[in-house]
Each structure stands twice: as structure tokens, then as C-alpha cells.
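To start, the structure itself, in C-alpha cells.
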Amino acid sequence: MERMAILGAGGFIGNRAVEMLHLGGRFEVIPVVRTAQSLALASRFELDSRVADGRDKAALAEAFRGCDSVLHAIAGDLQTIVGSVEPVYNAARAAGVRRIIYLSSASVHGQDPAPHTTEATALSKHQPIAYNNAKVQAEERLLSLRRQGDVEVVILRPGIVHGPRSFWVGGFADALLAGQAYLVDGGMGICNGIYVDNLVHAITLAVASETADGQAYLLGDRETYSWRDLLAPIGEALGYPLEQLPPPTAEQAPGLVSLLRNNRILKGFARRLPRPIKAAMRAGMREMRIGKTGEAGRGSAPAAPIATLEMSLLHRCGWKLPYTRATDELGYEPIVSLAEAQRRTLTWLEFAGYPVKL
Amino acid sequence: MTLGTDVAVVGCGAVSTLYYAPALMRLRRGGVVGRITAFDPDAGRAHTFAELVDGKPVGSFDELLELGAGLVIVASPPMLHMAQSIAAMEAGMDVLCEKPLAIGAAQAQAMIDAATRTGTRLSAGYVRRQFPATKAIGDIVRSGLLGEITGVTCFEGGPFAWPVAGPTYFSRSSSGGGVLQDIGTHCLDLLHWWFGAPDRFDYLDDAFGGVEANCLVRLDYPSFRATVRLSRDWAQPNVYRIVGSGGWLAWQVNDPFNYEFQVLGNVPAKVSMMVSDKDDFQQAFVRQIEGALPGGTGGASVTSVPASVSLIERCYADRISMHLPWLAPVEAARAESLAGSR
């Protein structure tokens, strides 16, 4: 049985990979997290969990001991994205790991990629979204290490990974309940989404493939759908039809509030807070914004949500990224349809305690 | 001149460093507590704690007992509570044992028997009982102000962020369970304090060979059902809500002083308890320690098996699996088989 270390097992994708692969019965899963507290979900199962910082080569090597493969699913700030690549690779080499599956992102091609973009399209490290550049750098560094080392590398580029516990789902539900949800241009742009189970399925194929070493693969759902298509069931289930969402205002030059709002790490932390505290934080953010722009006289009227650059690009995307290479070389075909993915996602929202009307 | 009571602390993890250390320092400044000694199997943690309280780390539990103290605070992993508490009481010292008092009624009874046998006092660290708000809520419920209670909901938890020392925290052999044994201990203790024992219960969780991150407890009382949903997974509202025929009351979890209530026909009221400026969350731990010290009020004394300990034991014994509707059929089937193997 393949023994796989899942680095970043406490995150959304890592957690579902632990759950799905362990329960699937074909993998022996070793969850690896930066701090022990991140093992709360993985510990629902009796697993040989380990603690290692993504930049600590010695600790990682110990954590990877006895593993055939490593799934690199660390989510983190820009420094972690780039800075974890070399320690992970070298630790895998020291531990005798055969292959690393690296979770990159379709955003290496930008949030609104040009028509006909594929894996063969050249990548830029000078994109307006810093996250994209960090992921490009990480991919480059990993492939460079592969050329010097003997641990195989497969890079996966999923798009918007959605499903239970996804930021794109839970975060949107929270925003709806807080009156801060929005869709740019009605959310009619293409969502290059992939249901998390489809991604985990692709990971299993990437582990087994004999030809994938050194390659990068775009991954997505079978259906072509818009952001509105993806999110409308959530709005309906929570009693907030998306057509009633207020149009967002365009993002201003980034000030402190904007930087805070757009920081992925802060968003991640904020998502973990109890809803009353999140609501208070949002109110504080609004106050800071009002104070900065001198709009204090508007009374208690709710402020229009501000569309970030990232969301504006995503919601206006005009190109469905193809996963043809993954199909041809990995044998990838999505195993869960969008409709079924949405059904499962809504049931999770109810499980998590959202006021869902199914 | 009063030198204060010597206190020994066993287990120097997060609850000791975050809550007991500042409370002990307050009591020492007030002359209530004297020398503080500390033991932890991780010597580094014992040293860190000792530095926080200007105390003395010791190298073994036996050494701590030999040094003696008026009160031993047991804040070790739950599976060690019984053995360490009994050892301390047999050495003639009173014990304040952090929640959960014990894993199961048999352990708790053994501790109570030891206290009786040795003539020492055993107290339990159910700190939420020290909040002015929770005391007031109990008084309101018992007064009938809300009329006949028709429903109670307790939604508590969020992504787990407690700074645990290592993965063993999540083992049943060390902690005795997951989220139910952890925050559920507090919740069930308060419900029992406010409403007494339920007529029946049912319990569901998501442990499939390990310890639960989510659970659901339904407690049926003669006139209402209390629904308890606990999570280490996703942010919950963290509100307890009590609804009666004559009004409702809402308490934000861990708020020592504030709650909201409405008596039908009146406007909703937000109540802030009148307390000293110096009263805060830490002060609840101060009160808890004070009550457990020799000559203290004894407010947290344990003379019978706490209802929450028995109920949690029965919950685990009668546990059924939560339905995780996002799992594929093959996953759900394997999850169920793993749950049966625990």
C-alpha cells in the first residue's frame, strides 16, 4: 500500500486528502502539520500523525521517514510558499521518498488567463497578484531541485478548489450572512473550479503515473460554469438570492484596510473566528475605512462591499482552463459532477451549522 | 504575619501557563499563596511555568509530593488525574483537579473515596461555575422568570487553536476523548447545574478510530430538549440560548459577566453584571483556587461523582456516528467500520 505523507494536513485540501485517502483504503496516510493543534480533524482517525515545520528540513525528514510519496499541500504566506520548497525536497530526498506531489495553483496563469492558455503557456513572475508570483517561483525552484536530485516531482495546478470547508464556500456563506458578499459583473465570468474530491482523485493518479515526473497539470471540473452558477445554490440555501447582492465598488489604491482585507493568511485566521467576532471585525474594518475616506456622515447605511483586484479578475475570467494534458497523461477524469459537488457542499454547510434551508 | 498557602502545580501545559499562572500570581501578591512548586514530565515546560510564577521547578512528581504543599493543582492530561490526585491526597494535601475531573465515574469515585479516606478535600476545576453570569443565569432559570423552559441550544467551538504540547493530546488514551471530553465537559456541567439531570439523551460524533472533532448531544428534559453542538472544526456561534414560555436568555460562551434576556412583553435587556474593575476572566481562576485552598469556601468541592463525568462516559458508551453527507458511499462505509473498532 502506498504510504503518503500529507504535508499541510490541517488545511482544507490536506484534510480532505487525509479523509478521502484513508477512508478509500488504498493509501496509508501520514498527516504532517506545523503545530500539533492542527491535528484536530485528522485525529478523528487513528493515524500516525507527525509534527514538522515546513521549513525545518530535519524535522521534515523525520516526518517523511518510511513514506513513498509526499503531498505538499502547505498553505501559507508568500515566504512559506517559496521558502518551504527546498526544505521539503531535501527532506524527501533524505528520507528516501520516491515522489513529491506539489499542489501549485492555476493562478500561476493569472486569475483571468488569456484565451488558449494551457500548461505550455509561459509563466510570468511579474503578475499583479503576489500570490501568483510566489507560486511560479515555487514551481521553478522545485523543478530546479528535481534536475539536481532523484526525488520525482509532479506539479498539480488546480483552479478554485471548492467543497466542504473551502474558503470559497464557507467564506462566501459568511460574507452572505454578514451582508458583505458580492459578485463582480454579476459573477458571469468563468469559474475555473474543481471540486476537492476531483483534486484528491487527481493526486492519486499523479502518484501512480509513470510519465508524470517533472510535469505540471492543470485540473478542473468537467463542466464549464460561471461563478454565479457555482455560488447560487449557497445563496438560495441561506436565503440570499444572488440577484439581490449589491454591486461592489472598485478597489481603491491599497491602504491598510485593503491590505488587511486581502491578506490570505489573515482571511484564513479570520475564518476561524466565531461569527460574532468576525462581525465585529468587519464593523471595525468599515469604521476604519470610513475614517480614512471621510464618509462618516452616512449613518448606519451598510457600506457597499469592495471588490478586490483578485476577485475582480476571477469574476471576469473568460477562459476555461483545459485539463487535457491531465486526461491524456494521468488518465484524469472528474469523478464528481458539479451538481453532485454542490449537493454535498450544501449538506456540509448544514452540518457545519449554517442556517441552510435544504 | 501570614505567609500564604504553598501550592504545587502538576502539569505545566497551556491551561497552567495561560490561566493558573496569572491567577496564582494575583493570589501571591495578595498574600494568599506562598511558595509555588511545579512539575511536568517536560522539564522545559516546568521551568517556563516556574519562571512565570517565580516558583521552583522540581524534577519528579515524587519530589513535588515530598516538598509538600497546602494545595496541589492537577493540570496534567486527563488520564493522569486520578493517579496524581490520589497520590497527593494520600500525602495529606488538598487537591484542585482541572476538568475533566476524571475519565469515567469509576475513576471519579476512586478519587472521592481517597479524599474521604485521607481527610483531605478534592475540588474540581469547572471554572465556568465561577462566572457571575453563569450563576445569575442559574438563578434566573430557577426563578421561573422565563416561564416553563421550552428549548435550549448550545453551539460552541471553532477550528481548534489551543496550544497543545503534542499529538498525544488527541489520543483517547491520554485525553479520554475529543471535543466532548474537552469543552463538552464545561457545557454539560453548566446544563446540569442549571437544569438538573435529563431524562434521556442521545449522542453522535465523528470519531472513526480516533477522537471526535464534532459532536451532537441531545438531552431530553420533561418540558424541553437541550441541543448541544460542539466543534473543533468550524466556527460555531458560541452562544447558549435558553427559551421559555415567558422569555429567552442568551449567553456568549466564556463571557464572565454579560448575558441578554427578554421577558415577553418587555424590551430585550443586555445585562452586565456589577463587578469590581479588577474582576475578569482570570479572576474566575482566582476564585476557583481560593475556594480550594485550605480554609477556602470549598465552592468547587467534590463529594459525589460529577454528573458531567457520568454523562460523558455514557455518551461514549452509547455513541452513534454522525452522518457526514459529503463522503462518498465507500468512504462512509469504511468510516462506520472504523468507528466500530475504537
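By convention in this document, chain letters (A, B, ...) are assigned in the order of the sequence lines, proteins followed by strands, and residues within each chain are numbered from 1.
Using a 4.5 Å cut-off between heavy atoms, A/R343 contacts chain B through its side chain alone, with no backbone atom that close. Only the side chain of B/R229 comes within less than 4.5 Å of a heavy atom of chain A; its backbone N, CA, C and O stay farther away. Both the backbone and the side chain of A/E19 come within less than 4.5 Å of a heavy atom in chain B.
When B/N214, B/V179, B/V330 are compared by the number of non-hydrogen pairs under 4.5 Å with chain A, B/N214 comes out ahead. Put simply, of A/P164, A/S49, A/A36, A/A341, the one with the most heavy-atom pairs under 4.5 Å next to chain B is A/A36.
For the pair B/R225 and B/F201, the cation-pi criterion (under 6.0 Å, within 45° of the ring axis) is not fulfilled. Remark: A/R165 fails to qualify as a cation-pi partner of B/W234 under the 6.0 Å distance and 45° angle criteria applied to the six-membered ring. Judged by a 6.0 Å distance limit and a 45° cone about the ring axis, B/R319 is positioned over the six-membered ring of B/F208.
A/Q342 meets the side chain to side chain donor-acceptor pair (under 3.5 Å) test with no other residue; sequence neighbours excluded.
At a cut-off of 3.5 Å, with distance as the only test, a side-chain donor of A/E2 or A/S69 sits close to an acceptor on the other residue.
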